[in-house]
Amino acid sequence: MLSSDVKKVFNDKFGYDSSRVFFSPGRINLIGEYTDFNGGHVFPCAISMGIYGAYGARKDNKVRVFSANVADQGIIEFSLDDLAYSKADGWASYPKGMIAQIIDHGHKLDHGFDLAVNGNLPDAAGLSSSACIELLTAEIVNDVYEFNIDEVELVKYGQLVENSYLGLQTGIMDQFAIGMGKTNQAILLDTNTLDYEYVPVEMGDRVVVIMNTKKHRELQDSKYNERRAQCEEALKRLQTKLPIKTLGDLSESEFDENSYLINDDILIRRARHAVFENQRTLKAKDALVNNNLEEFGKLINASHISLHYDFEVTGKELDTLAETAWKQPGVVGARMTGAGFGGCAIAIVDRDKVDAFKENVGKVYEQEIGHPAEFYIAEISDGPKEIK
């Protein structure tokens, strides 16, 4: 059990017993990909896989952190008096950046601490381990130091860690999905306004299967920034005639009627994905509310096709998983999730067909790609919390 494992890791590394253990989940996005920076909706949920953290108080101003998942980096140490970004900190930039944000927003930590973490989120799989660590740190600091910071504020701090501290131009979905997660509920989030609503995910005798390509997403950052710039340019061209603030403001028909303003094939396809994916996400919410899983599955499939043809962020590995999944008995729908270019896909599968699904999809994937995929059952879980 990982909660007891992390206590042992803490004792081994720091030489005394931790006083408290916390957990922060990873996340998947059911639908609504690359809509977050286009003023659209996303539909994520927290999952039962995540990262455990064992905490122990110190009497000085030092913070020492150790991750069993990157044990070769050893114990990383910094002071509460100097929280400036340093590339040498590696993974510790996430807890360090979160502490810096909490202090920058007017809260004072009167002592340091030791923290050991251990998780079961696969490395670089697109299940958002960085936001998971950010919100784990936020939960620990908020609870231990009794700051009573609102959870949505902590979510915003997490995005600031990425944008301001680390210089990554990411949206707020990952932190929101993790920080605000609820068991068996997805979150329909308007990324423009941060208005959100919880939607029960009632799958009946079906489960969400995560399919990991085992491919690191080394192209992600450059392609992410390129796609973002393309969407911004398409929006700028539409704004020469239309009073819109984001691509998410447009309906499908409004986009079709005005796409001539963009006048560039690649930019039209990029913008079309953003507009149509936003509408698919709204329809997906309605399908779940109406308990229409078949319609939900069709929308998931259409999302993957759009991400393949219009946005071009899937790649052979993700396409092989999704397209093979579509052919299996008991599958409602399948799509890539996350930024693409590797990472993970999801499929909604009849519970009694899961073993055959894993075997069949895994066999095709290994034949086509040359290495095995990994499969996990995703339970939809609560956000960060202390493990009593």
Side-chain angles (χ1 to χ4, degrees), residues 6 10 18 20-27 46 50-58 61-70 73 75-119 121 127-181 194 382-387:
V6 79
F10 185 99
S18 67
R20 302 171 72 173
V21 175
F22 295 80
F23 172 76
S24 181
R27 69 96 188 96
I51 297 174
Y52 292 82
Y55 161 91
R58 298 180 59 86
N61 255 15
K62 284 182 184 173
V63 176
R64 297 188 299 173
V65 295
F66 175 80
S67 171
N69 299 109
V70 280
Q73 292 188 21
I75 294 172
I76 300 167
E77 183 180 305
F78 53 89
S79 169
L80 292 174
D81 300 319
D82 180 12
L83 295 171
Y85 171 75
S86 169
K87 191 175 181 182
D89 289 329
W91 77 273
S93 295
Y94 297 108
K96 187 179 179 183
M98 177 54 77
I99 295 166
Q101 286 301 325
I102 289 172
I103 291 173
D104 285 350
H105 284 82
H107 304 278
K108 180 175 171 52
L109 279 68
D110 57 9
H111 62 83
F113 59 90
D114 293 328
L115 173 66
V117 302
N118 187 23
L121 287 177
L127 303 180
S128 207
S129 57
S130 58
C132 180
I133 293 169
E134 289 158 11
L135 272 299
L136 175 69
T137 308
E139 182 70 16
I140 292 169
V141 171
N142 198 31
D143 198 326
V144 167
Y145 297 86
E146 298 180 347
F147 289 149
N148 296 313
I149 305 167
D150 180 77
E151 193 67 44
V152 174
E153 288 303 304
L154 294 176
V155 164
K156 292 176 182 176
Y157 296 175
Q159 188 186 14
L160 284 170
V161 173
E162 307 265 346
N163 296 171
S164 303
Y165 191 77
L166 300 173
L168 305 170
Q169 295 311 303
T170 54
I172 200 168
M173 177 185 74
D174 293 350
Q175 291 84 2
F176 208 99
I178 290 167
M180 303 297 287
L194 294 193
D382 285 329
K385 60 187 176 185
E386 183 170 9
I387 306 295

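Inter-residue side-chain proximity for M98 and V141 is flagged as unmet; no heavy-atom pair is nearer than 4.5 Å. For the pair Q175 and E162, the minimum side-chain heavy-atom distance is below 4.5 Å. Between F113 and V144 there is no side-chain heavy-atom pair separated by less than 4.5 Å. Two residues are said to be in side-chain contact when any heavy atoms from C-beta on lie closer than 4.5 Å; T137 and Y94 fail this criterion. The side-chain heavy atoms of L135 and E151, taken from C-beta on, include a pair separated by under 4.5 Å. Counting only heavy atoms from C-beta outward, the side chains of V63 and L80 approach each other to under 4.5 Å. Using a 4.5 Å cut-off on side-chain heavy atoms (C-beta onward), H105 and I149 make no contact. W91 places none of its side-chain heavy atoms less than 4.5 Å from the side chain of N69.
The minimum heavy-atom distance between Y52 and V6, with the atom names listed, is O-CG2, 3.7 Å. Residues S128 and R27 share a closest heavy-atom pair of CB-CG, 3.8 Å. The nearest pair of heavy atoms linking F22 to Y55 is CE1-CB, 4.5 Å. Closest approach of G383 to P25, counting heavy atoms only: C-CD, 3.8 Å. Contact record, A138 with L154: CB-CD2, 4.0 Å, taken as the closest heavy-atom pair. Nearest heavy atom pair, residue D174 against residue A131, reads CB-CB, 3.8 Å.
Going from atom NZ of K87 over to atom CG of L166 covers 12.5 Å, rounded to the nearest 0.5 Å. Distance check: I76 CD1 to S93 OG gives 8.0 Å after rounding to the nearest 0.5 Å. Here the CG-CD distance, from L160 to E134, works out to 10.0 Å after rounding to the nearest 0.5 Å. Distance check: D382 CG to M180 CE gives 12.0 Å after rounding to the nearest 0.5 Å. Atom CZ of residue R64 and atom CZ of residue F78 lie 12.0 Å apart, to the nearest 0.5 angstrom. With rounding to the nearest 0.5 Å, the separation of CG in L115 from CZ in F66 is 11.5 Å.
Between the N118 side chain and the A68 main chain, no donor and acceptor come within less than 3.5 Å of each other. Between the side chain of S164 and the backbone N or O of V161 there is no donor-acceptor pair closer than 3.5 Å. The backbone N or O of A84 sits less than 3.5 Å from a side-chain atom of K96, completing a donor-acceptor pair. D114 places no side-chain N or O within donor-acceptor distance of the main-chain N or O of G56, the cut-off being under 3.5 Å. Listed for the S24 side chain is a donor-acceptor partner under 3.5 Å among the backbone atoms of C132.
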For this session: Report the C-alpha distance between I99 and L109 in whole Å, list the side-chain angles of each, state the deciding distance to 0.1 Å, and finish with yes or no for side chain to side chain contact (heavy atoms under 4.5 Å, CB included).
Result: CA-CA 9 Å; I99 295 166; L109 279 68; 4.0 Å; yes
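The salt bridge (charged side-chain N to carboxylate O under 4.0 Å, His left out) check on D104 picks up nothing, with sequence neighbours excluded. Listed by chain and residue number, H111, F147 satisfy the ring-ring contact (aromatic ring centres under 6.0 Å, His included) test with Y145 (two or more places apart in sequence, or in another chain).
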